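First the structure, in the form of structure tokens, and then the observations on it.
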Amino acid sequence: MRTTTTAPSRIEDHALLGNTASAALVRPDGSINWACMPGFDSPAVFASLLGTADHGLWRIGPAVYDGTPPPAADRRRYVGSSLVLRQEWDTPSGTVAVTDFMPAPTVSDHAEPQIIRIVEGISGAVRVASLFRPRPGYGATRPRVERIARGVQRLWVVAHPNSYWLDGPQHTANGRGVCRADFTVHAGQIVVLTLTWAPSNRPAPVPPDAFAELDATAEFWEQWAAGCTYRGPDHEAVARSALTLKALCHPGGGVVAAPTTSLPEQLGGERNWDYRYVWLRDSALTIAALLRLGFLDEARQWRNWLVDTVNPEHLQPIYRVNGDADLDEESLDHLPGYDGSRPVRIGNGAADQLQLDVYGELADTLLLAEDAGLPPSAQCDALLLALVGQLEQRWREPDEGIWEIRGPARHFTHSKVMCWVAVDRTLRLLERRNAINPAVLIRLARLRAEIHTDVCTRGFNPETGTFTQSYGSRALDASLLLLPLVGFLPPDDKRVIRTVEAVQRELTEHGLVLRYATREDAGNVDGLAGHEGAFLACSFWLAESLAVIGRHAEARKLFDRLLALRSDLGLLAEEYDPLARRQLGNYPQGFSHWSLADTAVRLATRPQARRPALPRPRAVVDQALPAAVVA
């Protein structure tokens, strides 16, 4: 038996399978080349996405021999509003379909995560192959494979402390850990293959009822999607983004940024990061987008996760889904990386950074959640007060900012703006609480005014007429587009308009927005070599910002262009290379999808800041503050 090493599929060619606790990616040729089980951050059992076939894959599709590359499906789609994938191949002898899905844990009778693959003959008779090559430990381990027959053919793959059980047609092993089954499916015939994870010290799991799981899983996703309240233009794109975001929402409340690691921001470069964790920022912004689309349960679970996880005195920007704070970063040197992009990293050293903007995103979403219907929480109020107490002590410090730079810390303007947001939203929440000491409200109102003045004084360059990336610099940053969107200044403020126009003029390539200049001669701040693609979320922010400053036609045109960059399945990675016309970065990326949803909502409504203008403070605050502060 021979296996082939083929060129990597484009990042956007992959389909996402997920059960809200773990995920897998499927190529158009029927290969699962990335799967982490039982959790998002578990070591991958199939990792050829970041290497070669030797690092693990599971392909089901028309049989090929003698090193012939497997053909891509002629058609593929998600079934309805779900994460159930259906791919079809037309061959000279007939047509065959493969339906792939991961049963959602909330509907499955099985606690163990599974991948179910249903092969269906549509016409004629097609010879199908299942090439099963498990390589636990990110492709580093050749496991023990045993054949166990119990009514149906079963393989037991053991790599302590994990085991994987493959049920379906009989597979033959070649002695090198490669297992293959060849079988013919005729029109109307169905063959089921399932892969189940279980701890290696547990009894063998019961094979699933594939069709019951399929029905239950499809119903789970359809019912969830039906809760979307958005009825504006581009509903299909918004709904698919919402489903993708839901797939990143763990039942325990944590929200991962993406289900992959080390998909490069520059092909062949070093900008490769592990995104399979809970960024407090990304999770808050994901939950905020879902709230705007009418979903409340995810916000409730997320808020509970925050209360259980976050220690305000030792706030990290990133945590594991289970709340663990250990994210030591290391390189997997045995993996050559996607298309030669190295290093392949697991863990994330940014967990040790100071990212002051996180306080603002948390407070903003907590206020939005209560506005959307979540009842007040005394524990959440205590957490928010403690966080603002820490912020009061630290907001004057330089930080690594929203982009997690690995160069020297700076006084990033966006970070200071989000410090203002943190105090502002906390104050607005606490003003609703009758038991709050008025002195606390007065202190917070003074702090809010102090931060606002500081940003407008030190983060604004009178010579250029724009806000700047950091205090004292002349550089621009795409995060400045958020100034009017978070309500820091009104959208008709000349400083805002000039900043938006400057970003559009100076920080775009082929009409798409860069996060910041990454060329060394342009004052690169991130401490990394190389360039990167246009950041898709920032491009959506530009569309939003153009809308709020009244340039609606331009906003719509840019949004339509961004929608056209989605994959045929409606998915987006983190970045886009407009020259190579390829998506870059981890995939699918929550940051891109919540930005898409937010922009659609913005364009479907009258332009306004994400938050309305602040009401005047309570009388006790009004009386205690100078007039200049209250105004």
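This one's a predicted model, so the numbers in the text were calculated from it and none came from an experiment.
A donor-acceptor contact under 3.5 angstrom links the side chains of Trp302 and Ser283, judged on distance only. Checking Asp29 against Ser31 by side-chain atom types alone, a donor-acceptor pair falls below 3.5 Å. Using a 3.5 Å distance cut-off with no hydrogens or angles, the side chains of Thr184 and Arg127 do pair a donor with an acceptor.
Salt bridge annotation for Arg77-Asp568: absent, with no cationic side-chain nitrogen under 4.0 angstrom from a carboxylate oxygen. Between Glu329 and Arg406 a salt bridge is recorded (basic side-chain N to carboxylate O distance below 4.0 Å). Between Arg515 and Glu532 there is a salt bridge, with a side-chain nitrogen of the basic residue lying less than 4.0 Å from a carboxylate oxygen of the acidic one. A salt bridge links Arg566 and Glu236; the closest N-O separation between the charged side-chain nitrogens and carboxylate oxygens is under 4.0 Å.
For the salt bridge (Lys or Arg N to Asp or Glu O under 4.0 Å) criterion with Arg320, the lone passing option out of Asp41, Asp274, Asp328 is Asp41. The only member of Arg135, Arg142, Arg133 that meets salt bridge (Lys or Arg N to Asp or Glu O under 4.0 Å) when paired with Asp54 is Arg133. Screening Val84, Leu16, Leu243 for a side-chain contact (heavy atoms from CB on, under 4.5 Å) involving Tyr78 leaves a single residue, Leu16. For the side-chain hydrogen bond (donor to acceptor under 3.5 Å, both in side chains) with Asn33, the lone residue among Arg59, His55, His14 that qualifies is His14.
No side-chain heavy atom of Asp182 sits less than 4.5 Å from a side-chain heavy atom of Val128. For the pair Trp89/Thr95, no side-chain contact is recorded, criterion being any heavy-atom separation below 4.5 Å from C-beta on. Considering only heavy atoms from C-beta on, Leu193 comes within 4.5 Å of Ser130 through its side chain. Side-chain contact between Pro143 and Pro134: present, with at least one pair of heavy atoms (C-beta onward) separated by less than 4.5 Å. The closest side-chain heavy-atom distance from Lys246 to Glu298 is below 4.5 Å. With a 4.5 Å cut-off on side-chain heavy atoms, Trp165 and Arg154 count as touching. At least one side-chain heavy atom of Leu248 sits less than 4.5 Å from a side-chain heavy atom of Pro259. Inter-residue side-chain proximity for Pro205 and Thr196 is flagged as met; some heavy-atom pair is nearer than 4.5 Å.
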Would you check, one step at a time, whether the test side chain to side chain contact (heavy atoms under 4.5 Å, CB included) holds for Leu85 with Val26? CA-CA 9 Å; Leu85 175 71; Val26 187; 4.1 Å; yes
Would you check, one step at a time, whether the test side chain to side chain contact (heavy atoms under 4.5 Å, CB included) holds for Trp34 with Phe46? CA-CA 5 Å; Trp34 181 255; Phe46 305 124; 5.9 Å; no
Intermediate values then yes/no, side-chain hydrogen bond (donor to acceptor under 3.5 Å, both in side chains), Asn162 and Ser200: CA-CA 5 Å; Asn162 302 300; Ser200 58; over 6 Å; no
Start with the C-alpha distance between Glu404 and Gln355, add both sets of side-chain angles, then the distance that settles side-chain hydrogen bond (donor to acceptor under 3.5 Å, both in side chains), and finish with yes or no. CA-CA 7 Å; Glu404 305 181 337; Gln355 299 175 17; 3.3 Å; yes
Report the C-alpha distance between Val321 and Val256 in whole Å, list the side-chain angles of each, state the deciding distance to 0.1 Å, and finish with yes or no for side chain to side chain contact (heavy atoms under 4.5 Å, CB included). CA-CA 7 Å; Val321 170; Val256 299; 3.4 Å; yes
Run the numbers on His171 and Arg180 for side chain to side chain contact (heavy atoms under 4.5 Å, CB included), then give the verdict. CA-CA 5 Å; His171 285 68; Arg180 179 168 179 144; 5.5 Å; no
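In this structure, Ala104 and Phe220 approach most closely via the heavy-atom pair CB-CD2, 3.6 Å. For the pair Pro317 and Gln353, the tightest heavy-atom approach, listed with the atom from each and the gap, is CD-O, 3.5 Å. Residues Ser42 and Gly39 come closest through the heavy atom pair OG-N, 2.8 Å. For Val126 against Ser123, the heavy-atom pair with the smallest separation is CG2-O, 4.3 Å. Among all heavy-atom pairs drawn from Ser82 and Arg240, the shortest one is O-NH1, 2.8 Å. Closest approach of Ala53 to Leu57, counting heavy atoms only: CB-CD2, 3.6 Å.
Ring centers of Trp224 and Phe295: under 6.0 Å apart, within the cut-off.
At distances below 3.5 Å, not a single donor-acceptor pair connects side-chain atoms of Glu361 with backbone N or O atoms of Ala284. Not a single donor-acceptor pair under 3.5 Å links the side chain of Asp234 to the backbone N or O of Ala237. Between the side chain of Thr260 and the backbone N or O of Tyr587, at least one donor-acceptor pair lies under 3.5 Å. Looking at Asp324, its side chain never comes within 3.5 Å of a backbone N or O of Asp326 through a donor-acceptor pair. Distance alone, capped at 3.5 Å, is enough to place a donor-acceptor pair between the Ser262 side chain and the Arg345 backbone. Side-chain N or O atoms of Asn586 include none that pairs as donor or acceptor with a backbone N or O of Gln589 at under 3.5 Å. Under a 3.5 Å cut-off, the side chain of Glu12 and the backbone N or O of Gln583 do form a donor-acceptor pair. In terms of modelled atom types and a separation under 3.5 Å, the side chain of Ser331 and the main chain of Asp333 share no donor-acceptor contact.
Here the straight-line distance linking atom CG of Leu596 with atom CG of Leu536 works out to 9.5 Å at 0.5 Å rounding. Distance check: Tyr275 OH to Trp273 CH2 gives 8.5 Å after rounding to the nearest 0.5 Å. A distance of 9.5 Å separates CG in Leu335 from CD1 in Ile346, rounded to the nearest 0.5 Å. Rounded to the nearest 0.5 angstrom, Ile287 CD1 and Trp305 CH2 are separated by 11.0 Å. Note: Glu88 CD to Thr99 OG1 = 8.0 Å, rounded to the nearest 0.5 Å. Rounding to the nearest 0.5 angstrom, the gap separating the CZ atom in Arg300 from the CG atom in Asn304 is 8.5 Å.
Aromatic ring orientation, Phe132 versus Trp58: perpendicular (interplanar angle above 60°, classes split at 30° and 60°). Between Phe591 and Phe535, the two ring planes are perpendicular [angle over 60°; tilted spans 30° to 60°].
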